[in-house]
Amino acid sequence: MLLHLNTTCIDERIHEFLADDRIKIIVKHIVTMRNYISELLGLIGKDVNIYGWIQNSRIVGSLIFLEVRDVSGVTQAVLFRKSNQELFDKLKKINRESVVRISGKVVESQSKYGIEVQISEVEILNESMAPLPLGIIDPVEADLETRLENRFLDLRKPSKLAIFKIQSTISNSIRNYFIENGFIEIHTPKIVAAATEGGTELFPVQYFERKAFLSQSPQLYKEIMMSAGFDKVFEIAPAFRAEEHNTTRHLNEFTSIDIEVSFVDDEGVMRILEDVIKVSADSVRDKNKKELDLLGKEPLNTNYNFKRITYSEYIHMAKGKGFDIKDGDDLSTPILKGVGSDLREFYFITRWPRDLKPFYVQPYDEKYSRGFDLQYGELEITSGAQRVHNPEVLIENLKKKGLNPESFSFYIKAFQYGMPPHAGWAIGLERLTMVLLDLNNIREATLFPRDRTRLTP
RNA sequence: GCCCCGGUAGUGUAGUGGCCUAUCAUACGAGCCUGUCGAGCUCGUGACACGGGUUCAAAUCCCGUCCGGGGCGCCA
């Protein structure tokens, strides 16, 4: 109820409230009579209460201008010395980025905001120290290192907030898509006993008297859920990789958007993926005009059919570009860059050689598999596959990859009592954000990135 | 794990052996200014990552340490 109270007639409202003792406490401790800066344009002539940070002040003769910022925007507040000498002297000394409540009247003005708040009262809720470790509005951008060390300040910049508002749109639009299409949201354990796929390094953790690991992927569990009959599941959760990579597109902890679907093949889940990418791009275009504008980015066009390029065709294209590569080799970063530079779009690379894909990927024939990657240019966004559902094939594949089936017994068991054919994939949320916003470093799409050297903040 | 590169005021930079008691911008402090809007003007404070070495002389060259950036491999 408090949230619905509007912003006009503050005095009367407070008066009504204070008549009730129980509510008096709430009024005192919760910000009730609050106006967001973005709504001020519609409140010309009204008294308002804004809460935010003083990002700048200018003293011009006998008047002082404050630039005040909250989550919704920035505005200007003004005070004439003659109207309140004591307050004027106080505001003259206030440090940038101090948190305040400002009461006053909204009037039209020649400011770039079109309006300003004529200050009647300022309450300093918390003073900031000075100088700042990192300027919020300074024209020179600090190094990424400095910004990440002081991320709470860095994120006060509207342009950084915009990235995460957009990321919120992306993950929510995807979640909505799944829910609307009958998926069940699941939560699988992040402390696990063994590796999912061999290859990747895992972070060890001490699990009481035993050694355990942080999960690199929900792969095995989401497949088990197919055996459990959940039909269509998704999970949005962290994944941990202990690889010592040091690049602009890798993190040691990232957010994985996973799905698994029963009774479909690789093409079936590729169609879902194509939908998901389009839905998220469309949502950003519709809901984040202001943020895209602030970032100087055009919404990404996804209004085309995503190409299916087989791995073998890709090898052929790479050869055409002069790369020395043969069918069966992995696609190295230089090759993906070489071929991908002509493909500034989403496209699938399908039918990967079985040797290059994990044990749980369904064979297509003797040599190739039903595994696929979704790429944007050179960057891998997703990898997915139709999975093996036959337990004998699964055990044979495990052995071929040099893994011990016994250590996967809890997983194999789910295949021995009626596992449906199924397929799935995983998207990196940060990578998707990176592509949709054309960011040059995945750390820009992560609030508090965990990389080879960063464990705090 | 392999390879390359870098660390100069709070922030971002200039400076490749002597011209450095180290440049510029911004921030910070003091002052002036009745409408600014990247406000302006005057004055001021503030830095060569750490340790060792070479040299008559080191921010600059060498070695080590610490911290960081990037590429590759691997992957989302």
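Letters A, B, ... mirror the listed sequences (proteins, then strands); counts begin at 1.
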* N-O pairing of A:Glu380 and A:Arg431 below 4.0 Å -> no
* To do: Examine B:G73: is either OP1 or OP2 under 4.0 Å from a nitrogen or oxygen in the side chain of A:Thr333? Give yes or no.
  => yes
* Length of the OH-C1' vector between A:Tyr376 and B:C75, whole Å -> 21 Å
* Structure fact -> Looking only at B:G10, B:A76, B:G12, the nucleotide nearest the A:Pro133 side chain is B:G10
* So, is the end of the A:Arg81 side chain (NZ or CZ) under 6.0 Å from the ring centre of A:Phe88 and within 45° of the ring's axis? -> yes
* Asked: Does a side-chain N-to-carboxylate-O contact under 4.0 Å join A:Glu201 and A:Arg241?
  -> no
* Asked: Among the nucleotides B:C75, B:G69, B:U11, which one has an atom lying closest to any side-chain atom of A:Glu380?
  -> B:C75
* To do: Identify which nucleotide among B:G68, B:U36, B:G10 has an atom closest to any side-chain atom of A:Arg58, counting heavy atoms from C-beta outward.
  => B:U36
* To do: Determine, answering yes or no, if A:Phe254 is stacked on B:A76 under the 5.5 Å centre rule and the 30° plane rule.
  => yes
* With heavy atoms under 4.0 Å as the rule, sort A:Glu430 into base, sugar-phosphate or nothing. => nothing
* To do: Would you indicate which nucleotide in B:A39, B:G10, B:C74 comes nearest to any side-chain atom of A:Asn56?
  => B:A39
* Taking N and O atoms by type only, does the side chain of A:Glu141 place a donor or acceptor under 3.5 Å from a partner on the base of B:G12? -> no
* Report the nucleotide, chosen from B:G1, B:G71, B:G73, that has the shortest atom-to-atom distance to any side-chain atom of A:Ser332. => B:G73
* Asked: Rounded to the nearest Å, what distance is computed from the CG atom of residue A:Leu144 to the C1' atom of nucleotide B:C67?
  -> 15 Å
* Hey, does the side chain of A:Lys93 come within less than 4.0 Å of B:G29's phosphate (OP1/OP2), counting only N and O? -> no
* To do: Give a yes/no on whether any side-chain N or O of A:Thr453 is located under 4.0 angstrom from OP1 or OP2 of B:G69.
  => yes
* Using the C1' atom on both, measure B:A59 against B:A47 and round to a whole Å. => 10 Å
* **A:Pro334 or A:Gly428, whichever maps to the more 5' nucleotide of RNA chain B** => A:Pro334
* To do: Check whether any side-chain nitrogen or oxygen of A:Thr382 sits under 4.0 Å from OP1 or OP2 of B:A76, and answer yes or no.
  => no
* Asked: Base, sugar-phosphate, or nothing for A:Lys92, non-hydrogen atoms under 4.0 angstrom?
  -> nothing
* How about A:Tyr36 and A:Tyr51: are their ring centres within less than 6.0 Å of each other? -> no
* Between B:G29 atom P and A:Arg96 atom CZ, what is the distance in whole Å? -> 10 Å
* Asked: Separation of A:Ile64 atom CD1 from B:G40 atom P, in whole Å?
  -> 16 Å
* **Spacing of the P atoms in B:G40 and B:U26 (rounded, Å)** => 7 Å
* Asked: Between B:G12, B:U34, B:G1, which nucleotide has the shortest distance from any of its atoms to the side chain of A:Val60?
  -> B:U34
* What's the shortest heavy-atom distance between A:Met434 and A:Leu379, and which atoms? -> SD-CD2, 4.4 Å
* Asked: Taking the side chain of A:Arg249 as its heavy atoms from C-beta onward, which of B:C75, B:A27, B:G70 lies nearest to it?
  -> B:C75
* To do: Step through it carefully: locate the ring centre of A:Phe348, locate the ring centre of A:Phe372, and say whether they are under 6.0 Å apart.
  => yes
* What distance, rounded to whole Å, do you find between the two P atoms, one in B:U23 and one in B:U16? -> 15 Å
* To do: Could you check whether A:Leu432 gets within reach of a base, just the sugar-phosphate, or nothing at all, counting any heavy atom under 4.0 Å?
  => nothing
* Note: A:Arg308-A:Glu267 ion pair, threshold 4.0 Å (strictly below) -> yes
* Considering residues, nucleotides and ligands other than A:Asp324, do more than 12 of their heavy atoms fall under 6.0 Å from its CG? -> no
* Closest to the A:Leu63 side chain: B:G71, B:G35, B:G12? -> B:G35
* Report the distance from atom CD of A:Glu444 to atom P of B:G69, rounded to the nearest whole Å. => 12 Å
* Asked: Under 4.0 angstrom, heavy atoms only, what part of the nucleic acid is A:Asn441 near: base, sugar-phosphate, or nothing?
  -> sugar-phosphate
* Please state how far atom CZ in A:Arg443 lies from atom C1' in B:G70, giving the value in whole angstrom units. => 10 Å
* From B:G69, B:G12, B:C74, nucleotide with atom closest to A:Asp451 side chain -> B:G69
* Treat a base pair as Watson-Crick or G-U wobble with both distances under 3.5 Å, then lay out RNA chain B in dot-bracket form, 5' to 3', with | for cross-strand pairs. => (((((((..(((.....[.....))).(((((.......)))))....(((((..]....))))))))))))....
* To do: Establish, yes or no, whether a centroid distance under 6.0 Å links the rings of A:Tyr376 and A:Phe306.
  => no
* To do: For B:G53 and B:G12, measure between their P atoms and round to the nearest Å.
  => 32 Å
* Asked: Is A:Arg147 near enough to B:U11 that one of its side-chain N or O atoms lies under 4.0 angstrom from OP1 or OP2?
  -> no
* Test the A:Lys232-A:Phe183 pair against the cation-pi criterion, namely NZ or CZ under 6.0 angstrom from the six-membered ring centroid and within 45° of the ring axis. => yes
* Asked: Taking the same atom, C1', in B:C32 and in B:U36, what whole-Å distance lies between them?
  -> 15 Å
* To do: Between A:Glu378 and A:Tyr113, name the one whose nearest nucleotide on RNA chain B is closer to the 5' end.
  => A:Tyr113
* Under 4.0 angstrom between A:Gln110 side-chain N/O and B:U36 OP1 or OP2 -> yes
* **Closest non-hydrogen atom pair between A:Thr188 and A:Glu235, with its separation** => OG1-OE1, 2.7 Å
* Taking the C1' atom of each, how far is B:A49 from B:C67, in whole Å? -> 8 Å
* Asked: Do A:His250 and B:C75 share a donor-acceptor pair, side chain to base, under 3.5 Å?
  -> yes
* Asked: Just checking A:Ser109: base, sugar-phosphate only, or nothing, at a heavy-atom cut-off of under 4.0 Å?
  -> base
* C1' atom, B:C66 versus B:C50: distance in rounded Å? -> 7 Å
* **Rounded P spacing from B:U11 to B:C3 in Å** => 32 Å
* From B:G68, B:G29, B:G12, nucleotide with atom closest to A:Asn95 side chain -> B:G29
* Pair A:Phe234 and A:Phe178, ring centroids less than 6.0 Å apart -> yes
* Whole-Å distance separating the CD1 atom of A:Ile137 from the C1' atom of B:G10 -> 15 Å
* Asked: Under 4.0 angstrom, heavy atoms only, what part of the nucleic acid is A:Leu429 near: base, sugar-phosphate, or nothing?
  -> nothing
* Checking all strands, does A:Thr146 fall into the base, sugar-phosphate, or nothing category for heavy-atom contacts under 4.0 angstrom? -> sugar-phosphate
* Nucleotide B:G68, atom P - distance to CZ of A:Arg452 in whole Å -> 10 Å
